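As a basis for the values below, the full set of heavy atoms in this structure was taken, side chains included, without hydrogen atoms, waters or symmetry mates. Here the structure is a predicted model, which means the values were calculated and not measured.
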Amino acid sequence: MILMVLLVGFVLTPLDSTHVYMDTNGYVPLNFELYNNGYFNATYNLIVKKIAVPSDLSFQMCFQNQCFLGDSQSITVEAGSHDTITLDFIGGNETGPIDVYFLVYDQHETQDRDSIEITGGVPVSEMPEKLDISMSGDYIYGKNIEKATVFTIDGRIIETLKPQNGRVYTGFLKPGIYFAVVKAETGEKVIKIYRE
């Protein structure tokens, strides 16, 4: 292993489990550490290679205090230092298995590469009663909504909102991606909110 570290100019290490199980319209972050153990600054390509995923599953990578939608990014890491990369899985309405490879390779030394397999799934959940909650425009509509808690993609709570006239107003949100956990009398539902 020591010889391998000397030959390869970086080490990619998962900081979380590499198994992802999430609900439809859910969100799961996985964290990785990318260590540049070489003598020069290096730029690495980060790629999510999809083997099997629900068709509406999307990805976002966050590092160096920025987040980027998509399954391909690049990051520059200084010699002898490390960076934490968060790979966000953003679910849609479809269920199915998750089998992806998180690939990393040096742009200038393409033989230096590594990958980590991530498996799991978006299972079919059994609910005693279907929650009729939906998003249209700036409002969340639904029957017997008690409250909606809005989160940023990194899990910070923006605000907990109460419904007025059977709907919850979200038009105040700035551009970005958010999640709202909507609590009704019969259960909870997570809704993805996009603001351009």
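- Aromatic ring pairs are classed by plane angle as parallel below 30°, tilted from 30° to 60° and perpendicular above 60°; the pair Phe89 and Phe59 is perpendicular.
- Side chains of Asn41 and Asn36: a donor-acceptor N/O pair is absent below 3.5 angstrom, by distance only.
- The heavy-atom pair separating Gln60 from Leu69 by the smallest distance is OE1-CD2, 3.7 Å.
- Of all heavy-atom pairs spanning Pro123 and Met22, the tightest one is CD-O, 3.2 Å.
- A 4.5 Å side-chain heavy-atom check between Ile98 and Leu57 finds at least one atom pair inside the cut-off.
- Every side-chain contact (heavy atoms from CB on, under 4.5 Å) that Tyr139 has, sequence neighbours left out, goes to Tyr141, Arg167, Tyr169.
- Scanning all heavy atoms of the two residues, the minimum distance from Val122 to Asp23 falls at CG1-C, 3.9 Å.
- Counting only distance, with no hydrogens or angles, the side chain of Lys192 and the backbone of Gly91 share a donor-acceptor pair below 3.5 Å.
- Side-chain contact check for Asp106 and Tyr44: no donor-acceptor pair (N or O, by modelled atom type) lies under 3.5 Å.
- Remark: side-chain polar atoms of Arg195 are paired, donor with acceptor, to backbone N or O of Thr170 under 3.5 angstrom.
- No side-chain N or O of Glu33 forms a donor-acceptor pair with one of Thr13 less than 3.5 Å apart.
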Working note: Phe32 + Leu87, criterion side chain to side chain contact (heavy atoms under 4.5 Å, CB included); need CA distance, chi angles, decisive distance, verdict. CA-CA 8 Å; Phe32 301 85; Leu87 175 61; 4.0 Å; yes
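- In this structure, Met135 and Asp138 approach most closely via the heavy-atom pair CE-C, 4.1 Å.
- Between Lys50 and Asp71 there is a salt bridge, since a side-chain N of the basic residue sits under 4.0 Å from a carboxylate O of the acidic one.
- Between the side chains of Thr43 and Thr76, at least one donor N or O lies within less than 3.5 Å of an accepting N or O.
- For the residue pair Asn31/Thr86, the side-chain donor-acceptor check at 3.5 Å is satisfied.
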